[in-house]
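Only one structure is covered here, and it is reproduced in the block below.
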Amino acid sequence: METETQMLNTYFSNGAEVEISSDEDGFRGSWYEGIVVRPIQKKQRTNKDDDDDESSNKLRVLVEYKTLMADKKGKRPLKEAMTLVQLRPRPPPERRRKFKVSDEVDAYYNDGWWEGVVMEVSSDGKYSVFFRGTRDQLEFEESRIRIHREWANGEWTPPFGDEGEEKKKEEKLVSAETKPNNEAAEIFSEGSLVEVSSDEEGFEGAWFVATIVKLLDNGNYLIEYQTLRNNDDTAFLQEETDRLHIRPRPPDIGSFESFKVLEEVDALHNDGWWVGVISKVLKGQRYKVYFKASNEELEFKHADIRLHLDWINGKWVRASQHIPLSHRASSVHPSPCGLALVPSNILTGLMSSRAFSYLDCTQGLMPKM
């Protein structure tokens, strides 16, 4: 397991080219190119950097943006202090390629790379990309789009390689039980147990358990949450949702003895699974999890964390290795202290905000609503 110092020396040394994520409103879901200037010693940090003891103990580096400027004339590059979980190495160059509907991509817009989904492919070769964070849909040339990749544990997901290798890896990703369908929505039958996300303010960034009520004529689904109640608390909440915000429930892949620093996970909080990164391994099977969207770090017990999986083109993919779960079952070793997926019938409470402000409440860290 690499320490922060090892990560700094390996990936974020002085002059290293990086991509920087931001937690400010209007910039979430984007990555901006920059370079590492130098580490910041604790004694050099301002009061703003040291709002709490946890913040003061985190290793920070000074970065300089390549496209964002600190002055109106655009002559002085913006510099900021960042923690390591807000950085990743700059992705290596890759070959041009064609994209399909439902492909997860990054689109270059307003001087940064923004996470989105291809919604339409026009006859002139342009792509219409939908951004969940802003609910915008914009058109881009092929040269302004790249495959969306995640970086964790020193590896890119999906991995880089030549076209032949990429094709073989894509073939390996197809589950024996599920064939991908890039052009149409995944069809869920009535009564299917699913997980649902939302772009509504205060509800972004988590997946909540629900049941399919029916498929609507417009191609969307009417779903009923298993734990969320309507305003007058007379019934479970029902909503209409589109295919971009619905997926099957992740399979129970068994227990993991431990998680590693910078490993992508989902943390169970207020009845939702929130995507985060392991920032610190504590004693007694407990972990600190960092949530990029809110710039918050919270403590969780092992049983309330699960491995982060992506639902891509009709198959479950492990984020850190980009291997479908059907190919990994034999390599998982259960542990009496391992990860447990919480049954849906014990989930209770209300949705919480991705951009949450936390209060310490019986060590559960309840969010302000």
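Here the structure is a predicted model, which is why all the values come from computation and not from measurement.
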Query raised in the report: Counting N and O atoms only, with roles assigned by atom type, does the side chain of S279 sit under 3.5 Å from a partner on the main chain of K288, one being a donor and the other an acceptor?
Result: yes
Report task. Could you tell me whether a side-chain N or O of E19 sits under 3.5 Å from a main-chain N or O of R90, the two making a donor and an acceptor? Result -> no
Query raised in the report: In Å, rounded to the nearest 0.5 Å, how long is the span from OG1 of T211 to CZ of F188?
Result: 12.5 Å
Query raised in the report: Charged N to carboxylate O under 4.0 angstrom, E263 versus K280?
Result: no
**Report entry** In one Ile/Leu/Val/Met/Phe/Trp/Tyr side-chain cluster, 4.5 Å: V61, Y65
**Finding:** yes
Query raised in the report: Taking a hydrophobic cluster as the set of Ile, Leu, Val, Met, Phe, Trp and Tyr residues connected by side-chain heavy atoms closer than 4.5 Å, whether directly or through intermediates, do I20 and I35 fall within one such cluster?
Result: no
Report task. Using ring pair (Phe, Tyr, Trp, His ring centres under 6.0 Å) as the criterion, list what pairs up with W31, not counting sequence neighbours. Result -> none
Requested in this report: Examine the side chains of S128 and Q137 and answer whether a donor and an acceptor come within less than 3.5 Å of each other.
Outcome: yes
**Report entry** Six-ring centre of F236, R229 cation under 6.0 angstrom, axis tolerance 45°
**Finding:** yes
**Report entry** Test item: R149 side-chain N/O and P158 main-chain N/O as donor-acceptor pair under 3.5 Å
**Finding:** yes
Query - E190 and K214 ion-paired at < 4.0 Å - result: no
Query raised in the report: Do the side-chain N and O atoms of Y225 and Q238 include a donor-acceptor pair separated by under 3.5 angstrom?
Result: no
Report summary line: For F130, the hydrophobic cluster (side chain heavy atoms closer than 4.5 Å, chained through members) also holds V117, M119, L244
Query raised in the report: Is the number of heavy atoms from other residues, nucleotides or ligands within 6.0 Å of NZ (K301) greater than 12?
Result: no
Query raised in the report: Between I278 and W151, is there a shared hydrophobic cluster once you connect ILVMFWY residues whose side-chain heavy atoms come closer than 4.5 Å?
Result: yes
Query raised in the report: Side chain of S30, backbone of F27: donor and acceptor closer than 3.5 Å?
Result: yes
Requested in this report: Would you please test S192 and R249 for side chain to side chain contact (heavy atoms under 4.5 Å, CB included) and show each step?
Outcome: CA-CA 9 Å; S192 296; R249 287 210 71 191; over 6 Å; no
Query - Check: H302/D304 side-chain N/O donor and acceptor closer than 3.5 Å - result: no
Report summary line: For M82 and V63 the tightest heavy-atom approach is CG-CG2, 3.9 Å
Query - Under 3.5 Å donor-acceptor, Y127 side chain and F99 backbone - result: yes
Report task. Report the distance from atom CG of N110 to atom CG of L68, rounding to the nearest 0.5 Å. Result -> 9.5 Å
Query raised in the report: Do the rings of F131 and Y109 sit parallel, tilted or perpendicular, given the 30° and 60° boundaries?
Result: parallel
Requested in this report: Decide if atom CG of N231 counts as having more than 12 heavy atoms of other residues, nucleotides or ligands within a radius under 6.0 Å.
Outcome: no
Report task. Give a yes or no on whether the backbone of A152 and the side-chain of E155 come within a donor-acceptor separation of less than 3.5 Å. Result -> no
Query raised in the report: Do the charged groups of E17 and K66 touch, with an N to O distance under 4.0 Å?
Result: yes
Requested in this report: State whether the side chain of D71 and the backbone N or O of R76 hold a donor-acceptor pair below 3.5 Å, judged by distance alone.
Outcome: yes
Query - Within one Ile-Leu-Val-Met-Phe-Trp-Tyr cluster: Y108 and F140, side-chain cutoff 4.5 Å - result: no
Report task. Could you tell me whether the side chain of W274 and the main chain of H269 form a donor-acceptor pair under 3.5 Å? Result -> yes
Query raised in the report: Who are the side-chain hydrogen bond (donor to acceptor under 3.5 Å, both in side chains) partners of N218, not counting sequence neighbours?
Result: E240
Query raised in the report: Is there a donor-acceptor contact under 3.5 Å from the side chain of S21 to the main chain of Q86?
Result: yes
Query - Test item: N9 side-chain N/O and Q6 main-chain N/O as donor-acceptor pair under 3.5 Å - result: no
Query raised in the report: Given the rule in the side chain to side chain contact (heavy atoms under 4.5 Å, CB included) test, do N220 and T241 qualify, once you have shown the distances and angles that lead to the verdict?
Result: CA-CA 6 Å; N220 292 342; T241 186; over 6 Å; no
